[in-house]
Protein chains: 2
Amino acid sequence: MRKKTTVPLKESCVDAAREVIAESGLEALSLREVARKLGVSHQAPYRHYPSRDHLLAAVMSKCFIDFRAHLEARQASDNPDQDLGELGRAYLSYARSHSLEYRLMFGTPWPAPAEHPDLVRNAVYAFDVLRGVLRRLGEHMPAAQIDQRALFIWSCMHGLSGIRAGDVMQHLAIDSAVAETASEQVLAMIGLALRPPE
Amino acid sequence: MRKKTTVPLKESCVDAAREVIAESGLEALSLREVARKLGVSHQAPYRHYPSRDHLLAAVMSKCFIDFRAHLEARQASDNPDQDLGELGRAYLSYARSHSLEYRLMFGTPWPAPAEHPDLVRNAVYAFDVLRGVLRRLGEHMPAAQIDQRALFIWSCMHGLSGIRAGDVMQHLAIDSAVAETASEQVLAMIGLALRPPE
DNA sequence: GCTATCTTGTTGACACTGTCAACAGCGAGG
DNA sequence: CCTCGCTGTTGACAGTGTCAACAAGATAGC
(Lines give C-alpha, C1' and ligand atoms only; values in the text may rest on other atoms or scores of the structure.)
Protein backbone atom coordinates (compact mmCIF):
# COMPACT_ATOMS: atom_id res chain seq x y z
CA MET A 1 0.00 0.00 0.00
CA ARG A 2 1.30 3.38 -0.99
CA LYS A 3 2.49 5.38 1.99
CA LYS A 4 0.42 8.47 2.72
CA THR A 5 3.56 10.46 3.43
CA THR A 6 4.68 12.55 0.48
CA VAL A 7 7.86 10.59 -0.22
CA PRO A 8 8.34 10.69 -4.00
CA LEU A 9 7.49 7.55 -5.88
CA LYS A 10 10.86 7.63 -7.58
CA GLU A 11 12.71 6.89 -4.35
CA SER A 12 10.11 4.49 -3.05
CA CYS A 13 10.69 2.40 -6.13
CA VAL A 14 14.33 1.89 -5.28
CA ASP A 15 13.52 0.92 -1.70
CA ALA A 16 10.78 -1.46 -2.74
CA ALA A 17 13.09 -3.02 -5.33
CA ARG A 18 15.72 -3.64 -2.67
CA GLU A 19 13.10 -5.26 -0.48
CA VAL A 20 12.07 -7.58 -3.28
CA ILE A 21 15.68 -8.49 -3.96
CA ALA A 22 16.35 -9.18 -0.30
CA GLU A 23 13.22 -11.30 0.02
CA SER A 24 13.06 -13.22 -3.21
CA GLY A 25 16.37 -12.88 -4.92
CA LEU A 26 17.69 -10.99 -7.87
CA GLU A 27 15.93 -12.71 -10.74
CA ALA A 28 12.57 -12.34 -9.01
CA LEU A 29 12.77 -8.57 -9.33
CA SER A 30 10.11 -7.27 -11.66
CA LEU A 31 8.75 -3.80 -12.21
CA ARG A 32 5.24 -5.09 -11.71
CA GLU A 33 6.13 -6.60 -8.37
CA VAL A 34 7.57 -3.28 -7.29
CA ALA A 35 4.43 -1.47 -8.41
CA ARG A 36 2.25 -3.98 -6.57
CA LYS A 37 4.28 -3.53 -3.41
CA LEU A 38 3.75 0.22 -3.60
CA GLY A 39 0.06 -0.11 -4.36
CA VAL A 40 0.25 1.68 -7.69
CA SER A 41 -0.51 0.60 -11.21
CA HIS A 42 1.97 -1.48 -13.13
CA GLN A 43 2.91 1.48 -15.30
CA ALA A 44 3.54 4.05 -12.60
CA PRO A 45 7.24 3.25 -12.20
CA TYR A 46 7.64 3.88 -15.92
CA ARG A 47 7.00 7.57 -15.33
CA HIS A 48 10.32 7.66 -13.44
CA TYR A 49 12.38 4.91 -15.01
CA PRO A 50 12.20 4.36 -18.75
CA SER A 51 13.01 0.70 -18.37
CA ARG A 52 13.65 -2.04 -15.88
CA ASP A 53 17.38 -1.60 -16.41
CA HIS A 54 17.22 2.05 -15.42
CA LEU A 55 15.62 1.12 -12.11
CA LEU A 56 18.26 -1.56 -11.65
CA ALA A 57 20.96 1.01 -12.22
CA ALA A 58 19.43 3.26 -9.57
CA VAL A 59 19.36 0.36 -7.11
CA MET A 60 22.98 -0.49 -7.86
CA SER A 61 23.97 3.11 -7.41
CA LYS A 62 22.41 3.23 -3.96
CA CYS A 63 24.03 -0.07 -3.05
CA PHE A 64 27.43 1.38 -3.84
CA ILE A 65 26.72 4.32 -1.55
CA ASP A 66 25.81 1.99 1.30
CA PHE A 67 28.80 -0.20 0.56
CA ARG A 68 31.15 2.72 0.74
CA ALA A 69 29.58 3.94 3.97
CA HIS A 70 30.06 0.49 5.46
CA LEU A 71 33.73 0.51 4.47
CA GLU A 72 34.29 3.92 6.01
CA ALA A 73 32.56 2.90 9.23
CA ARG A 74 35.23 0.27 9.87
CA GLN A 75 37.02 -0.05 13.18
CA ALA A 76 39.37 2.91 13.43
CA SER A 77 43.10 2.32 13.65
CA ASP A 78 46.14 4.57 13.49
CA ASN A 79 48.44 1.82 12.31
CA PRO A 80 48.03 1.80 8.49
CA ASP A 81 48.82 -1.90 8.36
CA GLN A 82 46.10 -2.68 10.84
CA ASP A 83 43.78 -0.27 9.08
CA LEU A 84 44.13 -2.25 5.88
CA GLY A 85 43.16 -5.37 7.79
CA GLU A 86 40.07 -3.68 9.18
CA LEU A 87 39.13 -2.51 5.71
CA GLY A 88 39.39 -6.08 4.51
CA ARG A 89 37.21 -7.32 7.34
CA ALA A 90 34.64 -4.63 6.57
CA TYR A 91 34.64 -5.61 2.90
CA LEU A 92 34.16 -9.29 3.63
CA SER A 93 31.48 -8.77 6.24
CA TYR A 94 29.48 -6.56 3.91
CA ALA A 95 29.69 -9.05 1.08
CA ARG A 96 28.58 -11.76 3.45
CA SER A 97 25.62 -9.98 5.01
CA HIS A 98 24.39 -8.41 1.77
CA SER A 99 25.27 -11.19 -0.61
CA LEU A 100 22.44 -10.53 -3.03
CA GLU A 101 23.19 -6.85 -3.35
CA TYR A 102 26.87 -7.63 -3.56
CA ARG A 103 26.23 -9.89 -6.50
CA LEU A 104 24.14 -7.17 -8.07
CA MET A 105 27.00 -4.69 -7.81
CA PHE A 106 29.86 -6.87 -8.94
CA GLY A 107 28.43 -9.96 -10.59
CA THR A 108 25.75 -8.58 -12.86
CA PRO A 109 26.38 -6.91 -16.19
CA TRP A 110 25.83 -3.21 -15.84
CA PRO A 111 22.91 -1.89 -17.83
CA ALA A 112 24.32 0.68 -20.26
CA PRO A 113 26.89 2.31 -17.95
CA ALA A 114 27.25 5.28 -20.25
CA GLU A 115 23.70 6.32 -19.41
CA HIS A 116 24.22 6.19 -15.66
CA PRO A 117 27.05 8.47 -14.54
CA ASP A 118 25.83 8.29 -10.93
CA LEU A 119 26.36 4.58 -10.90
CA VAL A 120 29.89 4.87 -12.21
CA ARG A 121 30.75 7.69 -9.85
CA ASN A 122 29.53 5.87 -6.77
CA ALA A 123 31.42 2.73 -7.74
CA VAL A 124 34.65 4.70 -8.13
CA TYR A 125 34.10 6.35 -4.75
CA ALA A 126 33.95 2.94 -3.11
CA PHE A 127 37.16 1.81 -4.76
CA ASP A 128 38.87 5.03 -3.73
CA VAL A 129 38.56 4.03 -0.09
CA LEU A 130 40.99 1.19 -0.76
CA ARG A 131 43.27 3.46 -2.75
CA GLY A 132 43.33 5.91 0.15
CA VAL A 133 44.37 3.34 2.72
CA LEU A 134 47.10 2.01 0.47
CA ARG A 135 48.37 5.50 -0.15
CA ARG A 136 48.78 6.03 3.56
CA LEU A 137 50.41 2.63 3.88
CA GLY A 138 53.13 3.22 1.25
CA GLU A 139 54.00 6.84 1.81
CA HIS A 140 55.88 7.79 -1.34
CA MET A 141 54.94 4.89 -3.53
CA PRO A 142 54.32 5.59 -7.24
CA ALA A 143 50.66 5.67 -8.21
CA ALA A 144 51.05 2.69 -10.54
CA GLN A 145 52.29 0.51 -7.71
CA ILE A 146 49.41 1.65 -5.53
CA ASP A 147 46.97 0.63 -8.22
CA GLN A 148 48.73 -2.67 -8.67
CA ARG A 149 48.47 -3.49 -4.99
CA ALA A 150 44.88 -2.29 -4.90
CA LEU A 151 43.97 -4.57 -7.76
CA PHE A 152 45.60 -7.53 -6.06
CA ILE A 153 43.90 -6.93 -2.73
CA TRP A 154 40.59 -6.27 -4.38
CA SER A 155 40.96 -9.55 -6.28
CA CYS A 156 41.46 -11.44 -3.04
CA MET A 157 38.49 -9.81 -1.36
CA HIS A 158 36.21 -10.11 -4.33
CA GLY A 159 37.28 -13.65 -5.03
CA LEU A 160 36.71 -14.92 -1.52
CA SER A 161 33.37 -13.14 -1.35
CA GLY A 162 32.25 -14.52 -4.65
CA ILE A 163 33.29 -18.03 -3.75
CA ARG A 164 31.48 -17.91 -0.44
CA ALA A 165 28.36 -16.39 -1.98
CA GLY A 166 28.15 -19.08 -4.63
CA ASP A 167 27.16 -22.66 -4.22
CA VAL A 168 30.43 -24.18 -5.36
CA MET A 169 32.32 -24.14 -2.11
CA GLN A 170 29.80 -26.05 -0.03
CA HIS A 171 30.40 -29.13 -2.11
CA LEU A 172 34.18 -29.18 -2.17
CA ALA A 173 34.63 -30.99 1.14
CA ILE A 174 36.98 -28.30 2.31
CA ASP A 175 38.45 -28.75 5.77
CA SER A 176 35.89 -27.11 8.03
CA ALA A 177 38.45 -25.31 10.16
CA VAL A 178 39.88 -23.80 6.99
CA ALA A 179 36.47 -22.72 5.77
CA GLU A 180 35.62 -21.02 9.03
CA THR A 181 38.85 -19.06 9.31
CA ALA A 182 39.11 -18.29 5.63
CA SER A 183 38.72 -14.54 6.07
CA GLU A 184 41.61 -14.20 8.47
CA GLN A 185 43.77 -16.62 6.52
CA VAL A 186 43.36 -14.70 3.30
CA LEU A 187 44.02 -11.40 5.06
CA ALA A 188 47.18 -12.91 6.53
CA MET A 189 48.28 -14.07 3.08
CA ILE A 190 47.84 -10.54 1.76
CA GLY A 191 50.03 -9.33 4.60
CA LEU A 192 52.69 -11.85 3.57
CA ALA A 193 52.56 -10.81 -0.07
CA LEU A 194 52.94 -7.14 0.88
CA ARG A 195 55.76 -7.51 3.41
CA PRO A 196 59.06 -6.07 2.20
CA PRO A 197 61.48 -8.57 0.61
CA GLU A 198 64.18 -10.45 2.59
CA MET B 1 17.12 -26.64 -38.21
CA ARG B 2 17.32 -29.99 -36.52
CA LYS B 3 20.22 -32.07 -37.76
CA LYS B 4 19.19 -35.12 -39.71
CA THR B 5 21.89 -37.15 -37.99
CA THR B 6 20.63 -39.20 -35.13
CA VAL B 7 22.29 -37.17 -32.38
CA PRO B 8 19.87 -37.25 -29.43
CA LEU B 9 17.88 -34.13 -28.82
CA LYS B 10 18.95 -34.13 -25.20
CA GLU B 11 22.55 -33.35 -26.07
CA SER B 12 21.66 -31.01 -28.90
CA CYS B 13 19.78 -28.91 -26.38
CA VAL B 14 22.90 -28.32 -24.33
CA ASP B 15 24.93 -27.35 -27.39
CA ALA B 16 22.23 -25.04 -28.68
CA ALA B 17 21.91 -23.45 -25.26
CA ARG B 18 25.64 -22.76 -25.17
CA GLU B 19 25.40 -21.17 -28.60
CA VAL B 20 22.61 -18.90 -27.45
CA ILE B 21 24.56 -17.92 -24.38
CA ALA B 22 27.68 -17.20 -26.42
CA GLU B 23 25.73 -15.15 -28.93
CA SER B 24 23.24 -13.25 -26.88
CA GLY B 25 24.25 -13.52 -23.26
CA LEU B 26 23.04 -15.39 -20.27
CA GLU B 27 19.72 -13.72 -19.60
CA ALA B 28 18.67 -14.15 -23.22
CA LEU B 29 18.66 -17.93 -22.82
CA SER B 30 15.16 -19.29 -23.13
CA LEU B 31 13.91 -22.80 -23.71
CA ARG B 32 11.81 -21.59 -26.59
CA GLU B 33 14.82 -20.05 -28.29
CA VAL B 34 16.67 -23.34 -27.94
CA ALA B 35 13.72 -25.21 -29.42
CA ARG B 36 13.52 -22.75 -32.30
CA LYS B 37 17.22 -23.15 -33.01
CA LEU B 38 16.78 -26.90 -33.20
CA GLY B 39 13.67 -26.68 -35.35
CA VAL B 40 11.42 -28.45 -32.88
CA SER B 41 8.33 -27.42 -31.01
CA HIS B 42 8.62 -25.26 -27.92
CA GLN B 43 7.76 -28.20 -25.69
CA ALA B 44 10.16 -30.77 -27.09
CA PRO B 45 12.99 -29.88 -24.69
CA TYR B 46 10.60 -30.51 -21.81
CA ARG B 47 10.68 -34.21 -22.63
CA HIS B 48 14.33 -34.21 -21.56
CA TYR B 49 14.56 -31.43 -19.01
CA PRO B 50 11.70 -30.90 -16.58
CA SER B 51 12.46 -27.21 -16.30
CA ARG B 52 14.66 -24.46 -17.59
CA ASP B 53 16.85 -24.83 -14.52
CA HIS B 54 17.52 -28.45 -15.27
CA LEU B 55 18.81 -27.56 -18.71
CA LEU B 56 20.90 -24.83 -17.14
CA ALA B 57 22.39 -27.35 -14.75
CA ALA B 58 23.30 -29.61 -17.65
CA VAL B 59 24.99 -26.71 -19.42
CA MET B 60 26.91 -25.80 -16.30
CA SER B 61 27.99 -29.37 -15.84
CA LYS B 62 29.41 -29.51 -19.34
CA CYS B 63 31.14 -26.17 -18.83
CA PHE B 64 32.92 -27.56 -15.80
CA ILE B 65 34.14 -30.50 -17.86
CA ASP B 66 35.54 -28.17 -20.50
CA PHE B 67 37.02 -25.93 -17.85
CA ARG B 68 38.84 -28.81 -16.22
CA ALA B 69 40.11 -30.03 -19.59
CA HIS B 70 41.46 -26.55 -20.30
CA LEU B 71 43.27 -26.52 -16.96
CA GLU B 72 44.84 -29.90 -17.57
CA ALA B 73 45.96 -28.89 -21.05
CA ARG B 74 48.21 -26.20 -19.57
CA GLN B 75 51.84 -25.83 -20.55
CA ALA B 76 53.71 -28.73 -18.98
CA SER B 77 56.42 -28.07 -16.44
CA ASP B 78 58.43 -30.27 -14.10
CA ASN B 79 59.10 -27.49 -11.64
CA PRO B 80 56.05 -27.50 -9.30
CA ASP B 81 56.45 -23.79 -8.69
CA GLN B 82 56.33 -23.02 -12.37
CA ASP B 83 53.51 -25.50 -12.82
CA LEU B 84 51.39 -23.54 -10.38
CA GLY B 85 52.05 -20.42 -12.44
CA GLU B 86 50.96 -22.16 -15.60
CA LEU B 87 47.82 -23.37 -13.89
CA GLY B 88 47.05 -19.81 -12.92
CA ARG B 89 47.58 -18.59 -16.47
CA ALA B 90 45.32 -21.33 -17.78
CA TYR B 91 42.62 -20.39 -15.26
CA LEU B 92 42.76 -16.71 -16.14
CA SER B 93 42.83 -17.27 -19.89
CA TYR B 94 39.80 -19.52 -19.71
CA ALA B 95 37.84 -17.05 -17.64
CA ARG B 96 38.75 -14.34 -20.11
CA SER B 97 37.88 -16.19 -23.30
CA HIS B 98 34.71 -17.81 -21.96
CA SER B 99 33.54 -15.02 -19.72
CA LEU B 100 29.85 -15.76 -20.10
CA GLU B 101 30.20 -19.42 -19.28
CA TYR B 102 32.56 -18.57 -16.48
CA ARG B 103 29.92 -16.35 -14.96
CA LEU B 104 27.42 -19.11 -15.38
CA MET B 105 29.60 -21.54 -13.44
CA PHE B 106 30.70 -19.29 -10.62
CA GLY B 107 28.48 -16.26 -10.55
CA THR B 108 25.01 -17.69 -10.92
CA PRO B 109 23.07 -19.37 -8.13
CA TRP B 110 23.02 -23.08 -8.75
CA PRO B 111 19.59 -24.46 -9.48
CA ALA B 112 18.86 -27.02 -6.77
CA PRO B 113 22.33 -28.59 -6.48
CA ALA B 114 20.95 -31.56 -4.61
CA GLU B 115 19.13 -32.65 -7.75
CA HIS B 116 22.21 -32.50 -9.96
CA PRO B 117 25.00 -34.72 -8.65
CA ASP B 118 26.81 -34.54 -12.02
CA LEU B 119 27.12 -30.83 -11.71
CA VAL B 120 28.58 -31.06 -8.23
CA ARG B 121 30.94 -33.84 -9.21
CA ASN B 122 32.33 -32.03 -12.23
CA ALA B 123 32.85 -28.87 -10.20
CA VAL B 124 34.80 -30.77 -7.57
CA TYR B 125 36.94 -32.41 -10.28
CA ALA B 126 37.95 -29.00 -11.56
CA PHE B 127 38.94 -27.83 -8.08
CA ASP B 128 40.93 -31.01 -7.54
CA VAL B 129 43.33 -29.97 -10.27
CA LEU B 130 44.46 -27.10 -8.08
CA ARG B 131 44.63 -29.32 -5.04
CA GLY B 132 46.82 -31.77 -6.95
CA VAL B 133 49.34 -29.14 -7.99
CA LEU B 134 49.56 -27.78 -4.48
CA ARG B 135 50.04 -31.25 -3.08
CA ARG B 136 53.05 -31.75 -5.33
CA LEU B 137 54.32 -28.32 -4.40
CA GLY B 138 54.32 -28.84 -0.62
CA GLU B 139 55.36 -32.47 -0.34
CA HIS B 140 54.42 -33.41 3.21
CA MET B 141 52.12 -30.53 4.00
CA PRO B 142 49.01 -31.30 6.09
CA ALA B 143 45.78 -31.45 4.11
CA ALA B 144 44.30 -28.49 5.97
CA GLN B 145 47.16 -26.26 4.90
CA ILE B 146 46.81 -27.44 1.32
CA ASP B 147 43.15 -26.47 1.39
CA GLN B 148 43.95 -23.14 2.94
CA ARG B 149 46.46 -22.31 0.22
CA ALA B 150 44.07 -23.58 -2.43
CA LEU B 151 41.33 -21.33 -1.14
CA PHE B 152 43.63 -18.33 -1.16
CA ILE B 153 44.90 -18.93 -4.67
CA TRP B 154 41.43 -19.66 -5.93
CA SER B 155 40.24 -16.40 -4.40
CA CYS B 156 42.89 -14.46 -6.27
CA MET B 157 42.11 -16.15 -9.57
CA HIS B 158 38.37 -15.91 -9.20
CA GLY B 159 38.53 -12.36 -7.96
CA LEU B 160 40.66 -11.06 -10.81
CA SER B 161 38.54 -12.93 -13.34
CA GLY B 162 35.33 -11.57 -11.89
CA ILE B 163 36.63 -8.04 -11.79
CA ARG B 164 37.79 -8.16 -15.37
CA ALA B 165 34.58 -9.77 -16.57
CA GLY B 166 32.44 -7.10 -14.94
CA ASP B 167 32.00 -3.53 -15.97
CA VAL B 168 33.37 -1.98 -12.83
CA MET B 169 37.05 -1.93 -13.67
CA GLN B 170 36.79 -0.05 -16.93
CA HIS B 171 35.62 3.02 -15.10
CA LEU B 172 38.18 3.16 -12.32
CA ALA B 173 40.86 5.00 -14.28
CA ILE B 174 43.38 2.36 -13.36
CA ASP B 175 46.90 2.86 -14.65
CA SER B 176 46.81 1.19 -18.07
CA ALA B 177 50.16 -0.56 -17.64
CA VAL B 178 48.85 -2.05 -14.41
CA ALA B 179 45.64 -3.20 -16.04
CA GLU B 180 47.47 -4.90 -18.89
CA THR B 181 49.93 -6.80 -16.73
CA ALA B 182 47.44 -7.61 -13.99
CA SER B 183 47.57 -11.36 -14.56
CA GLU B 184 51.32 -11.62 -14.09
CA GLN B 185 51.31 -9.17 -11.20
CA VAL B 186 48.74 -11.13 -9.28
CA LEU B 187 50.54 -14.40 -9.98
CA ALA B 188 53.73 -12.82 -8.70
CA MET B 189 51.96 -11.67 -5.54
CA ILE B 190 50.78 -15.20 -4.93
CA GLY B 191 54.36 -16.36 -5.27
CA LEU B 192 55.40 -13.80 -2.67
CA ALA B 193 52.69 -14.88 -0.25
CA LEU B 194 53.68 -18.52 -0.61
CA ARG B 195 57.45 -18.12 -0.31
CA PRO B 196 58.89 -19.52 2.91
CA PRO B 197 59.38 -16.96 5.72
CA GLU B 198 62.63 -15.05 6.12
C1' DG C 1 1.24 -60.55 -36.95
C1' DC C 2 -1.43 -57.93 -33.72
C1' DT C 3 -2.08 -55.30 -29.80
C1' DA C 4 -0.72 -52.62 -25.70
C1' DT C 5 2.58 -49.67 -23.78
C1' DC C 6 6.41 -46.50 -23.57
C1' DT C 7 8.92 -42.81 -25.65
C1' DT C 8 9.08 -38.67 -28.09
C1' DG C 9 7.17 -34.82 -30.01
C1' DT C 10 3.08 -31.54 -31.10
C1' DT C 11 -0.64 -28.15 -30.24
C1' DG C 12 -3.15 -25.21 -27.22
C1' DA C 13 -3.79 -22.84 -23.16
C1' DC C 14 -2.62 -20.04 -18.80
C1' DA C 15 -0.29 -16.65 -15.94
C1' DC C 16 3.39 -13.82 -15.82
C1' DT C 17 6.72 -10.41 -17.64
C1' DG C 18 8.48 -5.77 -20.04
C1' DT C 19 6.87 -2.32 -22.85
C1' DC C 20 3.91 0.75 -26.02
C1' DA C 21 -0.25 3.68 -26.68
C1' DA C 22 -4.10 6.21 -25.33
C1' DC C 23 -6.48 8.41 -21.72
C1' DA C 24 -7.51 11.01 -16.96
C1' DG C 25 -6.81 14.16 -13.11
C1' DC C 26 -4.53 18.11 -11.59
C1' DG C 27 -1.58 22.05 -10.44
C1' DA C 28 0.93 26.13 -12.53
C1' DG C 29 1.21 30.05 -15.91
C1' DG C 30 -0.61 32.82 -19.43
C1' DC D 1 -10.65 30.52 -17.80
C1' DC D 2 -8.02 27.78 -20.43
C1' DT D 3 -4.08 25.33 -21.78
C1' DC D 4 -0.16 22.57 -20.98
C1' DG D 5 2.99 19.51 -18.60
C1' DC D 6 3.44 16.11 -14.92
C1' DT D 7 1.91 11.96 -12.84
C1' DG D 8 -0.72 8.09 -12.78
C1' DT D 9 -4.29 4.68 -14.97
C1' DT D 10 -6.19 1.18 -18.17
C1' DG D 11 -5.67 -1.77 -22.07
C1' DA D 12 -3.14 -4.09 -25.34
C1' DC D 13 0.83 -6.96 -27.49
C1' DA D 14 4.66 -10.13 -27.83
C1' DG D 15 7.52 -12.91 -25.34
C1' DT D 16 8.43 -16.29 -21.57
C1' DG D 17 8.04 -20.88 -18.48
C1' DT D 18 4.99 -24.42 -17.68
C1' DC D 19 0.73 -27.59 -17.50
C1' DA D 20 -2.52 -30.67 -20.02
C1' DA D 21 -4.22 -33.25 -23.78
C1' DC D 22 -3.20 -35.44 -27.87
C1' DA D 23 -0.49 -38.02 -31.84
C1' DA D 24 2.81 -40.97 -34.04
C1' DG D 25 6.21 -44.31 -33.96
C1' DA D 26 9.12 -47.88 -31.72
C1' DT D 27 8.99 -51.94 -28.77
C1' DA D 28 7.62 -55.87 -26.09
C1' DG D 29 4.48 -59.78 -25.17
C1' DC D 30 1.43 -62.90 -26.82
Side-chain angles (χ1 to χ4, degrees), chain A residues 1-60 100 104 108-112 115-116 119, chain B residues 1-60 100 104 108-112 115-116 119:
Chain A
M1 304 310 101
R2 185 101 167 76
K3 300 290 197 317
K4 280 299 190 319
T5 67
T6 55
V7 36
L9 181 58
K10 183 163 185 168
E11 297 170 20
S12 309
C13 284
V14 175
D15 295 340
R18 291 181 75 173
E19 276 180 39
V20 175
I21 291 175
E23 288 167 12
S24 329
L26 249 174
E27 15 284 315
L29 175 65
S30 77
L31 276 195
R32 290 172 112 107
E33 177 72 25
V34 167
R36 232 172 281 132
K37 224 178 174 71
L38 296 171
V40 296
S41 79
H42 69 260
Q43 275 289 23
Y46 269 84
R47 287 297 137 186
H48 304 276
Y49 301 97
S51 86
R52 178 184 188 269
D53 280 350
H54 285 75
L55 172 58
L56 249 192
V59 172
M60 291 169 65
L100 290 170
L104 179 62
T108 308
W110 284 12
E115 292 178 29
H116 308 284
L119 171 56
Chain B
M1 298 307 104
R2 183 99 165 75
K3 301 289 196 316
K4 278 301 188 317
T5 68
T6 55
V7 36
L9 181 59
K10 184 163 184 170
E11 298 171 19
S12 310
C13 283
V14 175
D15 294 342
R18 291 180 76 174
E19 276 180 39
V20 174
I21 292 175
E23 288 166 12
S24 329
L26 248 172
E27 15 285 316
L29 175 64
S30 77
L31 277 197
R32 290 172 110 106
E33 176 72 23
V34 167
R36 232 172 281 132
K37 227 178 173 69
L38 295 172
V40 296
S41 80
H42 68 260
Q43 275 288 19
Y46 269 85
R47 285 296 137 186
H48 305 276
Y49 301 97
S51 85
R52 178 184 188 272
D53 280 350
H54 284 75
L55 173 57
L56 250 191
V59 171
M60 291 169 64
L100 290 170
L104 178 62
T108 308
W110 283 11
E115 293 178 30
H116 307 283
L119 172 55

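We name chains A, B, ... by the order of the sequence lines, and we start the count at 1 in each one. FYI, side chains are in, hydrogens and waters are out, and symmetry mates aren't considered; it's all heavy atoms of this structure. Here the structure is a predicted model, which is why all the values come from computation and not from measurement.
The side chain of A:Arg52 has C:dG18 as its nearest neighbour among C:dT11, D:dT9, C:dG18.
Taking all atoms of both residues into account, the shortest heavy-atom contact from B:Leu38 to B:Ser12 is CD2-CB, 3.9 Å. Minimum interatomic distance between A:Gly25 and A:Leu100 (heavy atoms only, all atoms of both residues): CA-CD1, 4.1 Å. Residue A:Leu55 comes nearest to A:Ala17 through the heavy atom pair CD2-CB, 4.3 Å, listed as atom of the first residue, atom of the second, then distance.
For the pair B:Arg47 and C:dG9, the criterion of a side-chain N or O lying under 4.0 Å from OP1 or OP2 is not met. At C:dT17, one or more side-chain N or O atoms of A:Ser30 fall inside 4.0 Å of OP1 or OP2 (strictly under the cut-off). The side chain of B:Arg32 places no N or O atom within less than 4.0 Å of a non-bridging phosphate oxygen (OP1 or OP2) of D:dA14. For the pair B:Tyr46 and D:dG17, the criterion of a side-chain N or O lying under 4.0 Å from OP1 or OP2 is not met.
Mapping A:Ala28 and A:Pro50 onto DNA chain C by nearest heavy atom places A:Ala28 closer to the 5' end of the strand. Each of B:Ser51 and A:His48 was assigned the nucleotide of DNA chain D with the nearest heavy atom; the assignment lying further toward the 5' end belongs to A:His48.
Separation of atoms NZ (A:Lys37) and CD (A:Glu23) is listed at 3.5 Å; rounding is to 0.5 Å.
The distance between atom CG of B:Leu31 and atom P of C:dC16, rounded to the nearest whole Å, is 19 Å. Going from atom CD of A:Glu27 over to atom P of C:dG18 covers 13 Å, rounded to whole Å. Atom pair A:Arg36:CZ and D:dT9:P shows a separation of 14 Å (rounding to whole Å applied). Distance B:Leu55 CG to D:dT18 P: 10 Å, rounded to the nearest Å. Straight-line distance from the NE2 atom of B:His54 to the C1' atom of D:dT18: 13 Å, rounded to whole Å. Between B:Glu33 atom CD and D:dA14 atom C1' there is a gap of 14 Å when expressed in whole angstrom units. Atom CG of B:Leu9 is separated from atom P of D:dA26 by 17 Å (rounded to the nearest Å).
In this structure, A:His42 reaches the bases: a heavy-atom distance under 4.0 Å links it to at least one base atom across the strands shown.
Taking the ring centroids of B:His54 and B:His116, they lie under the 6.0 Å cut-off.
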